[in-house]
Amino acid sequence: MQIDHLTNQIQSTRQELIDHPSFGWVDTLEKAKVFMETHVWAVWDFMVLLKALQRELTCVNTYWVPKGDPEIRRLINEIVHGEESDIDQDGVATSHFELYVRAMEEAGADTAPILSFIEALKSGQLPFEALENSEAPEGAKAFVRQTLEVVEGGNAHEIAAVFTFGREDLIPDMFMEIVGNLKKQFPEELGLFAYYLERHIEVDGDLHGHLAERMVELLCGEDSVKWKSATVLSEKALRARIELWTAVMQEFDAHHSSTPTA
């Protein structure tokens, strides 16, 4: 099957991402905050990919008409429901992005850059302009910039590939264990963060990952050119994640390695 060939092609890069040292590096509350301040941009970025797919693959116009493959419509709408309208630990409806921002606030992480960016978008700024004007970490800017370029390209099979193979379910069990241990030390600060990780990865791994792979299969079909570009973009998405996590550690070290002058 073509999907198996794609996953085999990107397997070594995928494993490199899973083995990234940043997941073991987050061993203090301060590092968890820095991680969240960068990761939140990937959470927003994820929603952009999702909504781009919904726009491309389903009818979102007021005067509805059938659009595209009904199976693909069902797949994308199920994922949208789970990501944009999930429930928090109290059973209250929320998107995963809003839940993450609340987790940041609980932890004492700085939400000002991402929230200012959202307000800039609401006011009508173009995404690339708002991103460049934002106070996002440089690693996050590079990561989001690449995704925006894929979305602007408007090729549904490429957007689907990036969405499918650069997902949050790539966060390894080791990281979940570390966050769980930190939660025991800081239950008031990291409870929501732990819940977000557990919930998001549970949903992605249990259902959405399979749905997304099926979506890529349907969109690429028997077109070898589409499969090739889907593979290239999947590899780039994984590489971008690796660079994002590397940037988290580098930026933290840059802010904490300076020695006081006498």
Side-chain angles (χ1 to χ4, degrees), residues 10 13-50 52 96-97 100-101 103-105 107-121 125-152 159 161-163 165-172 174-175 178-179 182 190 193 196-197 200-201 232-258:
I10 65 174
T13 307
R14 186 179 189 276
Q15 192 60 49
E16 184 181 346
L17 174 57
I18 291 171
D19 294 337
H20 196 279
S22 64
F23 298 119
W25 171 86
V26 182
D27 57 2
T28 67
L29 179 59
E30 193 62 32
K31 289 179 180 178
K33 292 179 187 179
V34 172
F35 183 93
M36 296 171 81
E37 288 164 4
T38 293
H39 185 213
V40 68
W41 294 87
V43 177
W44 177 80
D45 171 284
F46 181 86
M47 295 301 299
V48 170
L49 289 165
L50 176 60
H96 285 184
F97 173 80
Y100 199 92
V101 171
M104 291 179 68
E105 292 170 344
D110 185 7
T111 60
I114 188 66
L115 293 181
S116 296
F117 171 73
I118 295 296
E119 288 303 314
L121 294 178
Q125 276 194 44
L126 296 175
F128 282 103
E129 178 185 357
L131 180 65
E132 294 310 314
N133 292 337
S134 75
E135 295 183 4
E138 288 304 315
K141 284 186 178 181
F143 181 83
V144 174
R145 195 180 297 118
Q146 180 173 308
T147 298
L148 293 179
E149 289 170 356
V150 173
V151 169
E152 290 288 323
I159 299 170
V162 171
F163 176 82
F165 297 107
R167 301 171 64 80
E168 304 303 289
D169 65 344
L170 292 172
I171 291 176
M174 172 197 57
F175 184 59
I178 290 169
V179 171
L182 284 174
L190 293 177
F193 183 41
Y196 166 86
L197 291 171
H200 195 69
I201 295 170
V232 170
L233 267 294
S234 298
E235 175 80 19
K236 286 184 69 175
L238 290 169
R239 185 61 56 190
R241 280 273 174 166
I242 291 169
E243 292 170 358
L244 181 69
W245 297 149
T246 300
V248 171
M249 297 189 298
Q250 290 175 342
E251 288 169 15
F252 181 88
D253 291 342
H255 285 92
H256 292 79
S257 62
S258 57

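Just so we're clear, the structure is a prediction, and the values are computed from it rather than from any experiment.
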With side chains defined as the heavy atoms from C-beta onward, is the minimum distance between [X] and [Y] less than 4.5 Å?
{"X": "Val248", "Y": "Ser22", "answer": "no"}
{"X": "Leu244", "Y": "Trp41", "answer": "no"}
{"X": "Ser116", "Y": "Glu135", "answer": "no"}
{"X": "Leu121", "Y": "Trp44", "answer": "yes"}
{"X": "Phe46", "Y": "Val43", "answer": "no"}
{"X": "Ile118", "Y": "Phe97", "answer": "yes"}

Partners passing side-chain contact (heavy atoms from CB on, under 4.5 Å) against [X] (at least two apart in sequence or in another chain):
{"X": "Thr13", "value": "Glu235, Leu238, Arg239, Ile242"}
{"X": "Asp19", "value": "Gln15"}
{"X": "Ala103", "value": "Met36, Leu192, Phe193"}
{"X": "Gln250", "value": "Thr246"}

Exercise for the section: Output, in order, the C-alpha distance, side-chain angles, deciding distance and verdict of side-chain contact (heavy atoms from CB on, under 4.5 Å) for Val101 and Leu115. Expected result: CA-CA 9 Å; Val101 171; Leu115 293 181; 4.1 Å; yes
Handout entry: From CG (Leu126) to CG (Leu148), nearest 0.5 Å
Key = 11.0 Å
Exercise for the section: With sequence neighbours excluded, tell me which residues meet ring pair (Phe, Tyr, Trp, His ring centres under 6.0 Å) with Phe143. Expected result: none
Exercise for the section: Return the set of residues passing ring pair (Phe, Tyr, Trp, His ring centres under 6.0 Å) with Phe165 (not counting sequence neighbours), or none when no residue passes. Expected result: none
Problem - Shortest non-hydrogen separation from Glu152 to Phe128 and the atoms involved - result: CG-CE1, 3.7 Å
Practice task
Determine the minimum heavy-atom distance between Ala240 and Gln146, stating which atoms define it.
Solution key: CB-NE2, 3.7 Å
Quick one: side chains of residues 23-34, donor-acceptor pairs under 3.5 Å with protein atoms, not counting sequence neighbours, listed by atom name and distance.
from, atom 1, to, atom 2, distance (Å)
Asp27, OD1, Lys31, NZ, 3.4
Thr28, OG1, Lys31, N, 3.1

Holding to side chain to side chain donor-acceptor pair (under 3.5 Å), I want the full list of residues that pass it with [X], two or more places apart in sequence or in another chain.
{"X": "Thr147", "value": "Asp45"}
{"X": "Ser134", "value": "none"}
{"X": "Glu138", "value": "none"}

Practice task
Check step by step if side-chain contact (heavy atoms from CB on, under 4.5 Å) holds for Trp245 and Arg241.
Solution key: CA-CA 6 Å; Trp245 297 149; Arg241 280 273 174 166; 3.7 Å; yes
Handout entry: Whether Glu251 side chain and Gly139 backbone form a donor-acceptor pair below 3.5 Å
Key = yes
Problem - Polar side-chain atom of Glu37 near backbone of Asp110 as donor-acceptor pair, under 3.5 Å - result: yes
Problem - For Glu132, all residues meeting salt bridge (charged side-chain N to carboxylate O under 4.0 Å, His left out), sequence neighbours excluded - result: Arg145
